[in-house]
Structure formats: structure tokens, C-alpha cells
Number of protein chains: 2
Amino acid sequence: MASDHTRSAILAAAERLYADRGFGDVTLRDIVAEANVNLAAVNYHFGSKDELIAELFVTRSIATNRERLRELKAAEEQGGGRAPIEVILRALVGPTLRGCLGPENQRSTAARFMIRASIESVPPIRRIKNREIDHLRKFAGAMRRSLPDRSDIDIHWGLNFALAMAHHTIRESERLTKLSEGKCDLDDVEDVVARVVSVATMALTSGKAEAKAPSRLAAR
Amino acid sequence: MASDHTRSAILAAAERLYADRGFGDVTLRDIVAEANVNLAAVNYHFGSKDELIAELFVTRSIATNRERLRELKAAEEQGGGRAPIEVILRALVGPTLRGCLGPENQRSTAARFMIRASIESVPPIRRIKNREIDHLRKFAGAMRRSLPDRSDIDIHWGLNFALAMAHHTIRESERLTKLSEGKCDLDDVEDVVARVVSVATMALTSGKAEAKAPSRLAAR
DNA sequence: TTGCATTTAAAACACTTGTATGAAACTATC
DNA sequence: GATAGTTTCATACAAGTGTTTTAAATGCAA
């Protein structure tokens, strides 16, 4: 692999095109034209179109997952094995939201690519997402340690709702902006994170086991 | 249009195949084989493949939207123009969840088709969904009337989060079941509705304007 | 340079896709 | 029962797809 020039040109061109026009109508010929390389180069370097897409997605998502786990681990170590639920939730949804929203990220190729991946759900990407369960289990475990009085059911529903709010906000960010006539500011990512964490925390702490220590809500 | 036999056979076959295998790998030839009709019949009766898909989706979603508005209108009339926020939220997410989850619905073709439509987001369906904004605006209006002290921003975030939880739960129902090892019971639709409504209500009533009348949480 | 593996190149392959065509079969009306 | 309009059918079409092939070029080591 002398220079990797062709290979990385393909990756960059593919990510750009997919980000702009979606997976549906970008062909290998579009990609190689954009990258100024030969058509056969894609199959030579990646084996198939699907493997190219998979590599693009894996690259971006392991970065996010690593950041998630880093934040989670740091929080649990600092709390002696038990992190506050808000911090856990922030570690869960923060990296994803920061990676896709925000004034600069909105225009970054990587961010737009990940939004597309979240919207269109093409087979190679779905396969990778299915392997994400082990990753999520770590968060379920941390949440259980943080809220030992809550049932497993509640924990999983809270996890589900937290991911729901984060992913849906990313995926439908355009519609939310239009619906609210620009009032909901998606460029202020930390505000979005705080809102999601706040609601998810309420979901997890309200009701049954609330008596002992009504956890402080995440900052507005 | 003598009998409509061919036309409805195509619709039924298409919905079944799309529900089972997704939009990605179902061709017109698959559909006409399943329906036992001629290939050209699809273009004759529907004009194009996209229009066939659109008709399938429109049929199902106007039913849901009508039910949503019916519940909303009934609630507002009963309350003299102001319905409790829980009831509004229930009208928003109830019909959708009931249409896609539940022990029988899970296996109904229509439900599985709508889940697919929610996951794959193919162009003709996306076009229709984009026209849904006016519909959602009616709910935003009702929510504003119900919670006059909340800012428009909060209202729209609440609306966004409610839809997020409902749609994500539908879309990722399989993963949630796997992740929770079957503990989260998605067959009990009314429990799911209650959970979503409860969390969304908290999102909309906590903090700033909570003082006056802390709304009763939706039943567990 | 010579030899060898890696990389690029052009072309064609094999196949699937949605759609269009034109004739045949059918249905209902006069 | 002939006719006009509708529906069905077999088939062809045209375009586009990812992938393969075969050969040429390139880079690197001996």
C-alpha cells in the first residue's frame, strides 16, 4: 500500500456524496468520478460497495462509542463505581448529539453523513448497528448501579427514551426547526443535551423510588 | 373499473411483501408474482411504483391521523377549548403506538408495513411525511392552549420528545426487547402509551411553570 | 536492470430494474 | 350482437447497476 492516495480519495468522496444526496442515489460511478479514480478501484480496495459504506460508518461510530465509554468510565471512577444518573445519560447522548448537531458540525461532512446514516438505514449500516447492543448494555449496567432501587424494566425504558430523544432530534432536526419556526435552537448543542438529559433523568427518577434523593436536574 | 380485483390484489401483495422484506429488495416482479397479476398491471393501475407505495402509506396514515384528530377534538370540546396536556399527548401518540405495537398488531400486515415505513424512509413516503407538519401544528396549538404559561420553545421540545419516544419505540421495538431480555413488555400497548405520555408530560410541566397545578401523571 | 508484487486502467459482463408497447380478451352499452 | 371502452397479457426496451476480467503501469527490492 504505497500511498493510500486512491483509497482515501474514495473514502472522502463517498462520504461527501452520501452526506449530500443520501445512499439511495449515489452510485459507484458517481463516487469514482468525484474522487477522480477508476471504477474498479472501489472493488479492489474495499471488496464491495457495502464494505465501503460499512467502513465509513464504522470509522465514525467507533469514535463516538469510544468517547461515550471514556466519559462513562471517568464518571464511574470518580464516583467510586457509581455515577450520578445525569452524568451517565450525558455520556450516553452527549457525544452523539455533539457529533451531529451544532453550527459547524451541521455543515461538516462527517456529521451530515452520520445524520444520513441515521435516517436511511441501509443494510450494511443496519448490520453494524445490531452489534451495538453490547455497548448499550454497559450503559444499562451503569444506570442500574446508579439507581439500584429502580427495576430493570424502568432502567431499560429510560435508556430507550434517552436514545429516542437524542436520535429523533438528530434525525428530524430539520422538521423541528421548521415546526417551531426557528424558535428551537439546534445550534446550541449543549442546550439540547441538557434538555434530553433532564427529561430522561425525570423519566428514570420520578414515581416509585423518588423518595430518598430527588436528583438535581441537569443544568438548563 | 369492473371489479377492482387486480388493483386490490396488488395493494395487498405489495403491503405484505414490503412488511416482510422492506422496500429495499422487493421489486415489481415480486409483487405481481405474489398477486398473480401481470407486470404491466402495476403501471396501468397506479402509474408508477412510487405511486403505489405512496397510496399504501397514505391509506394507513390518514387513518391514524384522523383518529388522532378525533381524540384531540373530543378532548378539547369536553374541556371547553382546553384539554389536559396528558390527554393531548395521548391523542398524539396513542393511535400511532396502538397501530404498530400490540400482540396482534405486531403480526398484522398493516402494522408491520408502517414499522417498515418508519424505518426505511423511502422517497415517496418521505414526501408524504413532509406534508405532516400542518397536522402537527394543530397539536402544538392545543398544547399551547393547555399550557399557556409555557414558552413556544418548550412546547415544541415537548412535542418533539413525545414523538421521539413513540416513533423510536416502534422502530427499535425489537432491539428494546432484546436489550431488556424480554422484560420490557411491548405487547401491553396501553402501558407503553402511559409511559410515553407520562414522561412527555413531565418534560412539559417540570421546572418554570410548574407551580400552579402539578398535573396528575398519566396512569401507570 | 531485472524480477515481482502492488496498484491502476479500460472495457465488458451479467443482471436487474421500472416502464412502454401493442395486441388480445373482456365488459357493458346501444 | 356489433361497438367502444376498459382491462389484461406477453414481451420488448432502455438504462443503470455492482462486479469481473485482463492487461498495462507503477513502485520497490535484489
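Remember, predicted model here, so these are calculated numbers, not experimental data. First the proteins, then the strands, lettered A, B, ... as listed; each starts at 1.
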Between [X] and [Y], is there a side-chain N and carboxylate O pair less than 4.0 Å apart?
X: A/Glu71; Y: A/Arg90; result: no
X: B/Glu67; Y: B/Arg98; result: no
X: A/Asp191; Y: A/Arg195; result: yes

Whole-Å distance separating the [atom1] atom of [X] from the [atom2] atom of [N]:
X: A/Phe46; N: D/dT20; atom1: CZ; atom2: C1'; result: 18 Å
X: A/Asp25; N: C/dG18; atom1: CG; atom2: P; result: 15 Å
X: A/Asp50; N: D/dG18; atom1: CG; atom2: P; result: 10 Å
X: A/Ile31; N: D/dT19; atom1: CD1; atom2: P; result: 11 Å
X: B/Glu51; N: C/dT19; atom1: CD; atom2: C1'; result: 12 Å
X: B/Ile10; N: C/dT19; atom1: CD1; atom2: P; result: 13 Å
X: B/Tyr44; N: D/dT8; atom1: OH; atom2: P; result: 7 Å
X: A/His5; N: C/dT8; atom1: NE2; atom2: P; result: 9 Å

Proximal nucleotide (of D/dT11, D/dC9, C/dT8) relative to the B/Leu39 side chain: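 Nearest listed nucleotide: D/dT11.
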Nearest-neighbour nucleotide for the A/Thr27 side chain, D/dG18, C/dT19, D/dT6 considered: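 That would be D/dG18.
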By the 4.0 Å heavy-atom rule, please label B/Ala40 as base, sugar-phosphate, or nothing.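 The residue B/Ala40 makes base contact.
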Side-chain donor or acceptor of B/Asn43 under 3.5 Å from a matching atom on the base of C/dA20?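 In this structure, the two groups form no donor-acceptor pair.
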Determine whether any donor atom in the side chain of B/Arg29 lies under 3.5 Å from an acceptor atom in the base of C/dG18, or the reverse, and answer yes or no.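 Present.
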For the residue pair A/His167 and B/His168, does the interplanar ring angle fall in the parallel (under 30°), tilted (30 to 60°) or perpendicular (over 60°) class?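 Correct class here is tilted.
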For A/Phe113 and A/Phe57, take the angle between the two ring planes, folded into 0 to 90°, and tell me which bin it lands in: parallel under 30, tilted 30 to 60, perpendicular over 60.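 Ring orientation, 0 to 90° scale: tilted.
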Report yes if a side-chain nitrogen or oxygen of [X] is closer than 4.0 Å to either non-bridging phosphate oxygen (OP1 or OP2) of [N]; otherwise report no.
X: A/His45; N: C/dT8; value: yes
X: B/Asn38; N: D/dT7; value: no
X: A/Thr6; N: C/dT7; value: no

Both A/Leu28 and B/Arg7 contact DNA chain D. Taking the nearest nucleotide for each, which residue is further toward the 5' end?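 Nearer the 5' end of the strand: B/Arg7.
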